[in-house]
Amino acid sequence: MNYKKHLLGISIVCICFPALSEMLPEGATKIPKASEIPNRLSIEYFSPEQIVEFKKLDHYSEPQWLTDKYVKTGKLRPVEQRLPDVPMVLKTASMPDGVGVYGGVLRHVIGGRPQGWNWSAAHSQGWGGINYIVQQCLTRTGPMYQIKPEALEVLPNLAQSWEWSEDGKALTMHLIEGAKWSDGEPFTSEDVRFYWEDTVLEPRIPSFSSQNALGEGAKLEIVDEYTIRWYFEKASQNQALYNMAFMTFCPGPAHILKSLHPKYNDNVTYEDFSNALPANEVPTVTMGPWVPVSYKDDQIIVLRRNPYYWKVDEAGNQLPYIDEVRYKLSTWESRTLETMSGSADFSNMENPPIYIETLRKLASPNSPTRAMFGPRNLAFQIQMNMNPTLSVSDDREAAIRQLNRDLKFRKAISHAIDRKSLGQALVKGPFTAEYAGGLHPETSFYREDDVVYYPYNPSLSKQYLAELGLVDTDGNGVVNFPKEVNNGDDVEIVINSGNGTADGVFNENLVSMMADIGIKLIPRLLDSVQGDSSRDAADFDWRLNRSDKELIVPMQRMEWLAPIAESGPIWHRGTENKPQVLQPFEEKMVNLAHEIFIERDAAKQADLIGQLNHEMTKNVYHVGLVAYPGALLVNKRIKNVPNAPIIAYQWAEDAVMRERFWVPQDQQLKELQPHTVPEYKLDTKK
Ligand code: BQZ
């Protein structure tokens with residue numbers, strides 16, 4: 001299917017540029033070795049065919065209540081008519097507990113809140129895996145963590161198969177035929193066309209995707225109802241297959257969205273479209289295994305099985321096995337605490353301040369929870385906004401942007417941070433490691449030698465600030481801008497952050513570390529919706545950020561690392577009117593990124609990624625703070641839960657394939673809306 005193989009677990013040998021020690025910049029060192037943490041995660045590997053296959057089976061079945069209540073009464077067609085002619089079959093070989101039984105509940109808790117169901121206009125659904133349920137994408141990357149390195153490839157999803165043209169510039173994709181949206185309407189290439197042409201390429205609609213992120217100058221041709229063809233300027237744009245997965249190519253229902261879009265409806269504006277499908281408008285129309293059917297603001301979202309879901313097991317049982325999924329709207333910390341105590345079923349343990357307590361509880365033999373510890377593939381960093389004009393509303397903000405763009409300033413900040421203390425303040429013990437920014441340590445593309453580290457050295461920080469003309473002229477302990485800049489006022493910087501305990505620990509420590517070098521740091525705590533929207537609008541001086549999968553599998557979301565598109569790294573975004581202003585090292589990173597995309601040799605590609613990491617860390621593209629491990633926590637009553645890291649190609653919620661989860665009958669919990677599936681009012685089918 002795709003050209004090259006790489007990844008998690010392969011060791012790659014290539015020394016292609018001079019040893020780093022010969023060229024370390026002033027003040028820089030190598031990154032210190034982190035202490036060992038026990039890594040108890042062992043992963044079972046499969047070939048793609050052992051995970052998924054498209055195949056017509058002789059016989060299909062569904063929960064008995066569904067047949068009795070909906071099919072026998074004529075409300076739904078029989079299951080074989082709701083399924084595609086050739087459905088996707090999830091294979092028993094890769095299911096830890098095999099074919100399951102129907103029924104029961106999966107209980108999630110999230111700290112996010114849904115902006116709405118119109119993900120085609122960059123609405124988030126509150127994260128924590130509800131996004132992975134409602135947004136189905138052309139390809140799927142989450143479960144790739146368990147593919148044997150030598151067989152590694154992007155997995156099919158709504159695109160069933162694909163082939164590259166001989167010159168490597170055209171990619172023909174075959175969509176699954178006869179699959180239906182949760183309201184029974186067919187999924188076709190028109191959904192793909194609408195998503196691409198009328199939302200991604202439409203500058204007046206915000207999007208999770210962009211043309212260049214998919215592959216330089218990507219163009220789409222609709223061949224027929226179930227065939228699409230991509231054209232690229234250069235050959236072998238392999239990253240395109242990654243970008244057709246979550247969250248950059250997950251089409252919305254065109255048959256619903258068109259009537260809400262100004263191109264097809266004179267009575268609505270672009271703004272209307274972006275705000276269409278608010279969270280309380282349920283049931284949602286989705287291709288996912290469960291459908292949001294009820295929504296209570298700040299309380300709960302209930303999802304019920306999608307009777308049109310297009311995946312089955314090898315015995316012909318339509319998936320999912322579990323009938324109801326609940327999302328309690330709470331906080332990220334309570335997700336972990338509730339999963340520990342058994343009142344929730346699934347948590348990515350990612351909040352170091354509660355690790356010790358969680359570990360203690362896990363050690364008890366009656367703990368209801370199973371924990372899977374992963375490598376240090378989580379990290380926090382400071383992102384400094386580098387767009388000189390976007391969302392700048394006064395002189396202070398403009399002056400901060402100029403500082404952010406100055407390497408000497410970024411080095412000064414890096415040298416001001418005592419990462420050892422910061423790590424210990426976050427959680428005592430061996431969990432955290434000093435982090436220089438760039439790729440996550442303990443992941444496959446990371447090589448210590450690529451990393452340039454500017455460690456704790458406050459006197460060098462102060463020297464750099466003075467060289468930049470930032471001196472405390474009024475004796476109040478805070479350095480001032482030079483007279484001609486921002487009135488010579490105090491240097492005050494606002495840092496946007498989340499509102500969890502970890503954010504609090506970082507803020508408190510960063511405020512005092514910055515105060516030591518004469519910078520007044522002002523934390524601004526935001527909930528997840530505020531955080532996402534200020535991030536997307538580039539409305540911040542600095543952001544405290546917990547990094548994501550682009551720092552693990554770089555070609556997946558390269559525009560979040562190198563400014564290959566205006567949607568570019570969070571800290572250097574641009575718009576048509578306020579474009580990015582790239583510095584020479586950024587141009588270099590863009591070139592490297594393009595080379596990475598088209599390099600077919602895995603070792604050479606890994607080396608190019610290493611060079612990118614070198615540029616990132618040498619130029620302090622963002623300021624690394626600390627790296628730390630996470631653990632996946634799942635209630636013991638849930639079957640078919642493979643060992644998985646909390647994040648690799650995607651977050652665990654996608655990686656583990658929840659549509660195969662099942663619960664033995666005697667352990668199933670009471671459903672809130674038993675024996676129901678979503679029912680749509682006819683007028684939603686515009
Ligand atoms: C995992 C994830 C699943 C987004 C989000 C959230 C947003 C960011 C990031 C993580 C949450 C959980 O992460 O913390 O464990 O469940 O949802 O999507 O932090 O605010 O914008 O990038 O993935």
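All ligand and atom numbering here is 1-based and tracks the order in the structure.
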Checking a contact table here: which protein heavy atom is nearest [atom], and how many Å away?
{"atom": "atom 21 (O) of ligand 1", "value": "Arg535 NH1, 2.9 Å"}
{"atom": "atom 18 (O) of ligand 1", "value": "Asn131 ND2, 3.0 Å"}
{"atom": "atom 13 (O) of ligand 1", "value": "Arg546 NH2, 3.2 Å"}
{"atom": "atom 20 (O) of ligand 1", "value": "Asp532 OD1, 3.4 Å"}
{"atom": "atom 17 (O) of ligand 1", "value": "Gly128 N, 3.0 Å"}
{"atom": "atom 16 (O) of ligand 1", "value": "Glu653 OE2, 2.6 Å"}
{"atom": "atom 9 (C) of ligand 1", "value": "Asp548 OD2, 3.5 Å"}
{"atom": "atom 14 (O) of ligand 1", "value": "Glu350 OE2, 2.7 Å"}

*Aromatic plane relationship, Tyr435 with His440 - under 30° parallel, 30 to 60° tilted, over 60° perpendicular*: tilted
*Would you call the rings of Phe346 and Phe661 parallel, tilted or perpendicular, where under 30° means parallel and over 60° means perpendicular?*
tilted
*Salt-bridged, Glu338 to Arg107, with N to O below 4.0 Å?*
no
Taking the non-hydrogen atoms of [X], is any one of them nearer than 4.0 angstrom to ligand 1?
{"X": "Glu550", "answer": "no"}
{"X": "Gly112", "answer": "no"}
{"X": "Gln650", "answer": "no"}

*Atom NZ in Lys311, atom CZ in Arg660: separation rounded to 0.5 Å?*
10.0 Å
*Gap separating the CH2 atom of Trp542 from the CG atom of Asn385, nearest 0.5 angstrom*: 12.5 Å
*Start with the C-alpha distance between Trp127 and Asp532, add both sets of side-chain angles, then the distance that settles side chain to side chain donor-acceptor pair (under 3.5 Å), and finish with yes or no.*
CA-CA 11 Å; Trp127 312 101; Asp532 287 349; 2.7 Å; yes
_Atom NZ of Lys328 with >12 non-hydrogen neighbours under 6.0 angstrom_ = no
*Return each pair, listed once, that meets side-chain hydrogen bond (donor to acceptor under 3.5 Å, both in side chains) where at least one residue sits in residues 369-379; pairs must be two or more places apart or across chains.*
Arg370-Asn643, Arg376-Glu442
_With sequence neighbours excluded, residues passing salt bridge (Lys or Arg N to Asp or Glu O under 4.0 Å) with Glu350_ = Arg335, Arg546
Structural part of [X] in contact with ligand 1, heavy atom criterion under 4.0 angstrom:
{"X": "Ile646", "answer": "neither"}
{"X": "Ile110", "answer": "neither"}
{"X": "Met247", "answer": "neither"}

*For ligand 1, which atoms, with element, lie under 4.0 Å from some heavy atom of Arg335?*
10 (C), 12 (C), 14 (O), 15 (O), 16 (O)
*In ligand 1, which numbered atoms sit nearer than 4.0 Å to a non-hydrogen atom of Asn348?*
1 (C), 10 (C), 15 (O), 16 (O)
*asked:* Less than 4.5 Å apart, side chain to side chain, heavy atoms only: is that true for Asp297 and Asn280?
replied: no
